[in-house]
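Okay, so here's the structure we're looking at.
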Amino acid sequence: MTETTIFQKIIDGEIPCEKLHEDDFCIAFNDISAQAPIHYLVIPKKPIVSLCECAEKDADLLGHLLFVGSKIAKSKNLNNWRTVINTGKESGQTVFHLHIHFLAGRKMTWPPG
Ligand code: AMP
């Protein structure tokens, strides 16, 4: 049996989060360990492990996640931000429920570490 992820517990309301948005398909909330002055996550309610496990039928959902995250950024008057999706352990993924990071409020460097 696969273990319930921390994000599933947030979706189920079992643990609290600083919620920025919720609709039928996703939730957005502040990252608990912010790596920039603004750092939030957008996650689907559907339990998808990572981008690697997405199917073609998830394409609209993926677009929705990006759109919602961008809408939040614009509501914060941002026009510069970085989006990150870590896919797999070696990429830095630590929570195995798909999520998009939105980071802003400081100068970003490239390449990322
Ligand atoms: P990743 O390393 O891409 O899997 O990102 C997982 C992110 O989830 C990290 O940035 C964590 O700080 C964040 N995180 C873990 N637990 C929580 C939580 N309870 N509430 C908000 N963010 C969390």
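Both Trp81 and Tyr40 are assigned to one and the same hydrophobic cluster, defined by single-linkage of ILVMFWY side chains at heavy-atom distances under 4.5 Å. Using a 4.5 Å cut-off between side-chain heavy atoms of Ile, Leu, Val, Met, Phe, Trp and Tyr, with links allowed through other members, Leu51 and Val84 fall into different hydrophobic clusters. Connection of Phe25 to Leu62 is established within a shared hydrophobic cluster, with ILVMFWY side chains joined at heavy-atom distances below 4.5 Å, either directly or through further cluster members. Both Leu98 and Leu20 belong to a single network of hydrophobic side chains, linked directly or stepwise wherever heavy atoms of I, L, V, M, F, W or Y lie under 4.5 Å apart.
Between Pro44 and Ile11 the shortest heavy-atom distance is O-CD1, 3.5 Å. Here the shortest heavy-atom pairing between Gln8 and Pro47 reads OE1-CB, 3.9 Å.
Residues passing the side chain to side chain contact (heavy atoms under 4.5 Å, CB included) test with Cys17, sequence neighbours excluded: Ile10, Lys19, Phe29. In terms of the ring-ring contact (aromatic ring centres under 6.0 Å, His included) criterion, residue partners of His101 (sequence neighbours excluded) are, by chain and number, His39, His99. Listed by chain and residue number, nothing satisfies the side-chain hydrogen bond (donor to acceptor under 3.5 Å, both in side chains) test with Glu90 (two or more places apart in sequence, or in another chain). For Ile6, the side chain to side chain contact (heavy atoms under 4.5 Å, CB included) partners are Ile15, Val95, not counting sequence neighbours. Partners of Asn86 according to the side-chain hydrogen bond (donor to acceptor under 3.5 Å, both in side chains) rule, which considers only residues two or more places apart in sequence or in another chain, do not exist here. For Gln93, there are no side-chain hydrogen bond (donor to acceptor under 3.5 Å, both in side chains) partners at least two apart in sequence or on another chain. Residues passing the side-chain hydrogen bond (donor to acceptor under 3.5 Å, both in side chains) test with Ser50 are Glu53, sequence neighbours excluded.
Side chains of Ile27 and His21 form no contact here, defined as non-hydrogen atoms less than 4.5 Å apart. Residues Phe7 and Leu41 form a side-chain contact, since some pair of their non-hydrogen atoms from C-beta on lies under 4.5 Å apart. Within the 4.5 Å cutoff, no side-chain heavy atoms of His97 are placed close to those of Ile48.
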Please table the atom pairs, donor to acceptor, closer than 3.5 Å between any side-chain atom in residues 69-76 and protein atoms at least two apart or in another chain.
residue, atom, partner, partner atom, Å
Ser70, OG, Leu66, O, 2.9
Ser75, OG, Ile72, O, 2.6

Exercise answer: donor-acceptor pairs, residues 102-113 side-chain atoms, under 3.5 Å, sequence neighbours excluded:
residue, atom, partner, partner atom, Å
Arg106, NE, Gln35, O, 3.0
Arg106, NH2, Gln35, O, 2.8

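Counting only residues at least two apart or on different chains, the salt bridge (Lys or Arg N to Asp or Glu O under 4.0 Å) pairs with a member in residues 24-45 are Glu22-Lys45. Within the structure, the side chain to side chain donor-acceptor pair (under 3.5 Å) test picks out the following pairs touching residues 56-69 (sequence neighbours left out): Asp23-His64, Lys46-Asp58.
To the nearest 0.5 Å, atom CD1 of residue Ile85 and atom SG of residue Cys54 are 8.5 Å apart.
If you chain together ILVMFWY residues whose side-chain heavy atoms come under 4.5 Å of each other, Val49 ends up grouped with Phe96.
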